[in-house]
Amino acid sequence: MLIGALEAGGTKMVCAIGKEDGTILEQVSIPTTTPEETIPKIIAYFKDKKIDALGVAAFGPVDVKPGSETYGYILDTPKLAWRHKDLLGDLRKELDVPIGLDTDVNGSCLGEVTYGCAKGLDSVIYITIGTGVGVGVWVNGKLLHGMLHPEGGHILLTRHPEDPDGGICPSHHNCLEGFASGPSIEARWGKKAIELIDKPEVWELESYYIAQALTDYIMILSPQKIILGGGVMHQEQLFPLIRGKVKELVNGYINTKELADIDNYIVPASLHDDQGIMGCIKLGLDALES
Ligand code: ADP
Ligand code: ZN
């Protein structure tokens with residue numbers, strides 16, 4: 001069986017063909033420009049590949065509610081050319097296979113739950129810290145949607161007293177994405193995150209915000225594992241800082257075996273940055289089954 005996988009991102013569309021076990025047989029990357037230019041290229045890639053199903057994990061906000069009038073539409077994205085674009089409809093017109101759809105971060109979460117370090121668990125969160133911050137939520141063995149889908153990157157946090165400015169999110173002065181995304185690090189320190197490796201104060205502050213967010217997710221969702229991915233989390237020195245601060249913030253209020261073994265509780269993504277595309281394979285498989 002061959003499954004198509006489309007990781008539809010704001011800067012690039014990763015298209016791949018994979019197998020049930022998560023193996024990726026081939027993969028290409030198409031720049032995300034306008035829908036008129038990009039969508040035909042995606043269709044051309046999948047058209048003659050004899051896929052049995054397709055899984056799509058899309059940038060958002062995106063309507064992931066089957067049955068909704070705008071199911072499969074990209075919603076109020078700042079990428080104006082894609083606003084209210086019926087992405088799923090365009091794919092369905094040209095590709096005659098079942099198509100599964102979810103958010104990009106839910107896709108990554110599903111990849112880790114199906115093929116990676118969270119296999120077998122029923123409550124897991126996946127957080128990406130990159131150009132933006134997003135949270136994929138797997139609860140009671142299902143991806144969480146709700147009225148739209150969670151926007152865990154925009155939870156409100158307490159600003160550090162020594163962090164003079166608010167965050168850079170245009171909608172919130174004090175949200176996680178505004179404080180801790182790659183671009184916010186660059187705005188605050190005047191250099192790209194990768195050029196700040198030897199500045200401990202950068203990672204101290206970064207971990208201050210991430211740990212607050214994780215503590216809130218722990219309190220609300222009670223995940224059995226927390227996975228951190230995205231470009232910024234390649235800075236491995238963040239992990240011990242985050243774990244230490246989460247322990248302080250939880251402050252003994254929750255005592256579980258998971259929290260006691262915090263090194264295996266708050267962990268890096270385990271699939272070499274393929275968690276997103278592998279999650280798409282599973283979305284395709286699920287669409288085939290249903
Ligand atoms: P995207 O979020 O666009 O899918 P990434 O997850 O790679 O892509 O995130 C890009 C952001 O992460 C940029 O702001 C970049 O500065 C930062 N970044 C990428 N690689 C690293 C790294 N190795 N260390 C620190 N920051 C990084
Ligand atoms: Zn925000």
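Order of listing sets the numbers, starting from 1, for every ligand and every atom in it. Bear in mind that the values here come from a model prediction, so they are computed numbers and not experimental data. Residue numbers run from 1 in the order of the sequence given.
No hydrogens or angles considered: nothing links the side chains of Glu177 and Ser184 as a donor-acceptor pair under 3.5 Å. In the model, Tyr209 has a side-chain atom that pairs as donor or acceptor with a side-chain atom of Asp163 under 3.5 Å. A donor and an acceptor atom, one from each side chain of His84 and Asp76, are located under 3.5 Å apart.
Vertex the Zn ion (ligand 2); arms to His154 ND1 and His172 ND1; angle rounded to 10 degrees, 110°.
By the criterion of a heavy-atom distance under 4.0 Å, both the backbone and the side chain of Pro183 are placed next to ligand 1.
Checking atom 10 (C) of ligand 1 against the protein gives a heavy-atom contact under 4.0 Å.
Residue Thr131 has at least one N or O atom closer than 3.5 Å to an N or O atom of ligand 1.
At least one donor-acceptor pair closer than 3.5 Å links the side chain of Glu112 to the backbone N or O of Ser270.
Of the protein's non-hydrogen atoms, Gln235 NE2, 3.4 Å is the one closest to atom 25 (C) of ligand 1.
The ligand atoms of ligand 1 that sit less than 4.0 angstrom from a heavy atom of Gly182 are 14 (O).
In the candidate list Gly231, Ser184, Ala193, Gly10, Gly231 is nearest to atom 18 (N) of ligand 1, counting heavy atoms.
The shortest side-chain heavy-atom distance between Glu206 and Ile129 falls under the 4.5 Å cut-off.
Salt-bridge annotation for Lys245 and Glu204: present, with a side-chain N of the basic residue lying under 4.0 Å from a carboxylate O of the acidic one.
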